[in-house]
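Values below: every heavy atom of this structure, side chains too, minus hydrogens, waters and symmetry copies.
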Amino acid sequence: MPAPRSLSVLVSISLLALLAAGAAPAFGAGEAVTYQNTLGHDGASTTTLPATPALKWNRDLGNLVSYPVVARNKAFVTVKAASSVTVTALNLSTGATVWTQSLSSSSYAVTPAYDDGRIFVVSGSGLAAAYNADTGVQLWTRQLSQSSFSSPPTAANGLVYYGGAG
């Protein structure tokens with residue numbers, strides 16, 4: 001199955017349908033902070049989607065798009081182009097780009113994670129970075145010692161966890 005190139009509110013961010021229905025996820029009001037929503041990466045939620053969810057917006061980001069992370073009224077994704085990776089924040093209500101930053105890596109990047117106003121990413125080759133979730137300002141980068149990263153980071157309580165091999 002080809003990787004997605006666009007981000008749709010209905011498909012990729014089912015959380016919007018929950019918010020429209022007035023329901024709040026159990027893991028934090030209006031937030032899906034890591035791959036599959038929760039720190040356990042289990043997709044758990046105590047809410048139910050409306051019977052007929054409606055598409056609110058759709059964005060074609062032109063290249064391979066990660067699973068979205070939702071926090072601070074934004075959807076955060078990594079986008080892989082032919083020779084670069086970007087971290088992009090989209091307005092959750094309109095789909096408009098709030099900010100985008102280049103991750104200094106041509107290797108793919110996995111789904112970001114969110115904690116305490118920061119977005120964390122890692123490329124397949126182990127380049128880790130943190131960004132201010134509101135402004136996109138890069139806070140730090142670090143090359144991790146392992147050689148292969150294919151799982152998303154998890155961030156909680158001021159710590160970020162990465163899993164690599166090699």
Looking only at non-hydrogen atoms, find the nearest pair between [X] and [Y] and report the distance.
X      : Y      : result
Ala133 : Tyr114 : CB-CE1, 3.9 Å
Thr141 : Ala129 : CG2-CB, 3.9 Å
Thr88  : Thr86  : OG1-OG1, 3.7 Å
Trp57  : Leu92  : NE1-O, 2.9 Å
Pro153 : Val160 : CB-CG2, 4.1 Å
Asn63  : Lys80  : CB-O, 2.8 Å

- [ ] Any chance you could measure Asn132, atom CG, to Arg118, atom CZ, to the nearest 0.5 Å?
- [x]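 Between Asn132 CG and Arg118 CZ, I get 10.0 Å after rounding to 0.5 Å.
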Do [X] and [Y] have side chains that get closer than 4.5 Å, going by heavy atoms?
X      : Y      : result
Asn91  : Asn73  : no
Val79  : Leu64  : no
Leu90  : Val98  : no
Tyr161 : Leu159 : yes
Val77  : Leu61  : yes
Ser123 : Leu103 : yes

Open item on the list: Once side-chain hydrogen bond (donor to acceptor under 3.5 Å, both in side chains) is applied, do any residues pair with Gln143, and if so which ones, sequence neighbours excluded?
Closed with: none
- [ ] Report the hydrophobic cluster partners of Val137, with the cluster defined as I, L, V, M, F, W, Y residues connected by side-chain heavy atoms closer than 4.5 angstrom, directly or transitively.
- [x]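 ILVMFWY cluster around Val137 holds nothing else.
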Open item on the list: Applying salt bridge (Lys or Arg N to Asp or Glu O under 4.0 Å) as the test, list every pair that has at least one member in residues 130-150; sequence neighbours left out.
Closed with: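 As it turns out, the salt bridge (Lys or Arg N to Asp or Glu O under 4.0 Å) pairs with a partner in residues 130-150, which skip direct neighbours, are Arg72-Asp134, Lys74-Asp134.
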- [ ] Give the ring-plane orientation class for Trp99 versus Phe76, where under 30° counts as parallel, over 60° as perpendicular and anything between as tilted.
- [x]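 Because their plane-to-plane angle lies in the 30° to 60° range, the rings of Trp99 and Phe76 count as tilted.
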- [ ] Please determine, by modelled atom types, if Tyr131 and Gln101 share a side-chain donor-acceptor pair under 3.5 angstrom.
- [x]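 No donor-acceptor contact under 3.5 Å links the two side chains.
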Open item on the list: Please check this pair: side chain of Ser66 against backbone of Thr78, looking for a donor-acceptor N/O pair closer than 3.5 Å.
Closed with: yes
Open item on the list: Tell me whether Asp115 contacts the main-chain N or O of Gly158 through its side chain, where contact means a donor paired with an acceptor under 3.5 Å.
Closed with: yes
